[in-house]
Amino acid sequence: MTSGTPIVFVVDDDASVLRGLKRLLRSAGFTAETFASAPEFLERYDRDVAGCVILDLTMPGFDGLQMQKALADRGSVLPIIFLTGHGDIATSVQAMKGGAVDFLTKPVNDEELLTAVRMAIQRCEALYQAREEIAIIRRRVATLTPREREVLTHLLSGKLNKQIAADLGTVEHTIKVHRARVMQKMQAHTLAALVRLAERAGIDAAPPTEG
Amino acid sequence: MIVLSIIGFVHFYFEAGRRWLAYAAIAFRLLALLLNFATGVNLNFQDVTGLGRATLWGGVVVAVPVGIPNAWQIFAQIGNLLLVVFVVDASITLWRRGDSVARRRALLVGGSIVLCVVVVASFGALIVAGAVHAPTILTPGFLVVVLAMGYELSWDVIAAAQLTAKLRTSEISLRASEEQFRAVVESVPNAILLVDGQGKVTLTNPQAQALFGYAREEMVGRPVELLIPQWHLSAHETYHQSYAADARPPVMGVARELYALHKDGSEVPVEMVLKPMQTVDASFVLVSLVDVTERRQNERTAARQRDEISHLSRVAMLGELSGSIAHEINQPLMGILSNAQAAQRFLARDDVNLDEVREILVDIVEDDKRAGEVIRRLRALLKKGEVQNRPLDINSVVDDVMRLARNDLMNRDVAVSTELTPDLPPVVGDQIQLQQVLLNLVMNACEAMEAVSGTPQVHIRTRRADGGGVEMSVSDRGGGIPPGDLERIFEPFVTTKEHGIGLGLSICHTIIIAHGGRLWAENIGGGAMFRCTLPLSDHAE
């Protein structure tokens, strides 16, 4: 899925600022892509590439906060670094609530900006990596048969084989076989590892046995 | 003698009569007189042959000569004829002068003389010819003439007496009106000078003496240039001449700043009214002056206060716009900083790409200029300077304002559209104050739309005004102004805003009026439109 060098997307309505930022990012070894408006970015950006967005807060028509929301609606996890000429508290709170990683005031010093970019990219990569891992786990879960899934949820709730057999109305041996298959398909060597994987994939434990 | 006196009387009394006729009549009469002694017994008879008797009225019998008529008598008759012609001619001339007294006089005196001469002459001729036996008596005939003359002369005497009385009255009233004139001149608050055609002062009043610092006798008889500053003089001469040539009073209100020269050398600002006066033999100019030192000071103070208030309102407005202005400055600063730091990093490398660095420097210079321009505009608006009226393009005012307010409008989500007519003729005005007016109108428009649903829109338009000049208008969609308030909103402390103090529009109004223009509000579909017109500069068309 995600691969290659991360890209810094710069969105600002000011051509001169765009050129300056692109040069600065390049001088620090980053790859930058520039966009003169939010709609242009939303239309053109590469969704699969990791990186971050440097976003001007005030732009005509479609401003930074609107773009942040549009990105969130599309399920994007690209970290956003806001740039603003004059930060006011209300907007910055709103931006941070919306998931902005940073809120910098123009003119911003290179180190400050580059540090923010580095951290944002790391975060993005971590997010992408986590997303990747979950996808792998989900793919493993997908290979389970319905019965095996059932056994898995009961395992997650910490029940013994005997209890599971009773709950599912079968014998303990059958459960043992299912359990071994689940462990194998999920590539978990211990029960603790299985629980961690299931948690990350968002699989809930079966409700405790009644009575 | 009688003929001479008749001629003399008619000539001087009628102030008419042809001279040559008079001389001719006198010449023939003198000739007749000579012939009277030189020929025959007298001019009537060549020879007296006897005495006849003639009975006069009342039974008196007198002796009358009888004889051969003297042929030379013809000269006397020609003389008489000339006399009649002279008198008739003089009478006609007098008659033509037209007034009733002259006509009566021509008819009465001229008529009686002619009648008398004709009667006497023909009577004499008849006697001489022997047709009538009567003595040649001239007296009754001339009595009529004397009576007519006497009648006329007595009229004249009466008229002369009346005239004398009238003269005396008019002299008294003249003296009285002179007194009144003097009293008026002395008591008016204005300084007054009467200047004659030679430019000499002939009359002053105490106010003039106070204004100029001279005593009355120091001014009277002196040239008026004494009282005018040297630098005015060249202009004054042409002014004086043109005024004499074209005696229109100077138009008030557009009067130039005039100064009077005080004895101590100081210059006093004055307002002047000139009034030409024409007498029979001379022309004068009545100069009325008012010392306007205090008024000028008050005007200056008022103007200063107005500038002060408009400055404060500008500062307040820019305070509201500070965010927008910060953005306008921060953008280029951001560009400069990132470009410069990028360059530093590039230069720190081993393989320096100088072309890249050159491009960076070009961008930095551009951004620097951009920031400088914003600061220049800002400083101009914040500056507390003299109002500078000069020809300017109204569209440049709109451009400047848009540069400063753009970001603020963006933050308010206000869509601004402009409709600027290109190549408008220049108007006269102060760029800063006009920017202030536009900025104020635009911000008002934004605030008016805050409480209204729908997309806020501001439309700025410039164009030629219908009645000449240039018009700039700002319209919004803020629901408009209650019709009763359309005029009132320009009064101080009247506001429709929750937090307004109601000075903005009144300041705008004051500024536009001071520019000789007009500012008013109208309701258009769904909003208000503020329109202001400005007069064109003299240099335009």
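This is a predicted model, so every value here is computed, not measured.
Inter-residue side-chain proximity for B:M334 and A:L21 is flagged as met; some heavy-atom pair is nearer than 4.5 Å. Residues B:Q341 and A:R23 have side chains not in contact (no heavy-atom distance under 4.5 Å, counting atoms from C-beta outward). Contact annotation: the side chain of B:R370 approaches that of A:D14 to within less than 4.5 Å [non-hydrogen atoms, C-beta and beyond]. Looking at heavy atoms from C-beta onward, A:K106 lies out of side-chain contact with B:L333 at the 4.5 angstrom threshold.
Using a 4.5 Å cut-off between heavy atoms, B:R349 contacts chain A through its side chain alone, with no backbone atom that close. In this structure, the portion of B:M410 lying under 4.5 Å from any heavy atom of chain A is its side chain and not its backbone. Both the backbone and the side chain of B:I360 come within contact range of chain A, each with at least one heavy atom under 4.5 Å from a heavy atom of that chain. With a 4.5 angstrom heavy-atom cutoff, A:N109 touches chain B via backbone and side-chain atoms both. Heavy-atom distances place no part of B:E366 under 4.5 Å from chain A, backbone and side chain included. In this structure, chain B has a heavy atom under 4.5 Å from the side chain of A:L83, while its backbone stays farther away. Interface remark: A:L65 contributes no atoms to any contact with chain B (heavy atom separation under 4.5 Å).
For B:R461, the CZ atom counts as densely surrounded, since its 6.0 Å shell holds more than 12 non-hydrogen atoms of other residues, nucleotides or ligands. Within a 6.0 Å sphere centred on CD of A:E43, heavy atoms belonging to other residues, nucleotides or ligands number 12 at most. Atom CE of A:M183 sits in a crowded spot, with more than 12 heavy atoms from other residues, nucleotides or ligands closer than 6.0 Å.
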Would you sort out whether B:H327 and A:T84 count as a side chain to side chain contact (heavy atoms under 4.5 Å, CB included), showing the intermediate values? CA-CA 8 Å; B:H327 180 88; A:T84 171; over 6 Å; no
Test log, rule side chain to side chain donor-acceptor pair (under 3.5 Å), inputs B:D363 and A:S16: CA-CA 7 Å; B:D363 274 3; A:S16 165; 5.3 Å; no
From CA spacing to verdict: side chain to side chain contact (heavy atoms under 4.5 Å, CB included), B:R345, A:L114: CA-CA 12 Å; B:R345 286 166 181 275; A:L114 294 173; 3.2 Å; yes
Go through the steps for B:Q344 and A:D110 under the test side chain to side chain donor-acceptor pair (under 3.5 Å), then give the verdict. CA-CA 11 Å; B:Q344 282 176 332; A:D110 55 350; over 6 Å; no
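Per-residue heavy-atom pair counts under 4.5 Å with chain A were compared for B:A415, B:G335, B:S338, and the maximum is reached by B:S338.
The two residues B:L337 and A:V108 make their nearest non-hydrogen contact at CD2-O, 3.2 Å.
Side chain to side chain, B:N339 and A:R19 fail the donor-acceptor criterion of an N or O pair below 3.5 Å.
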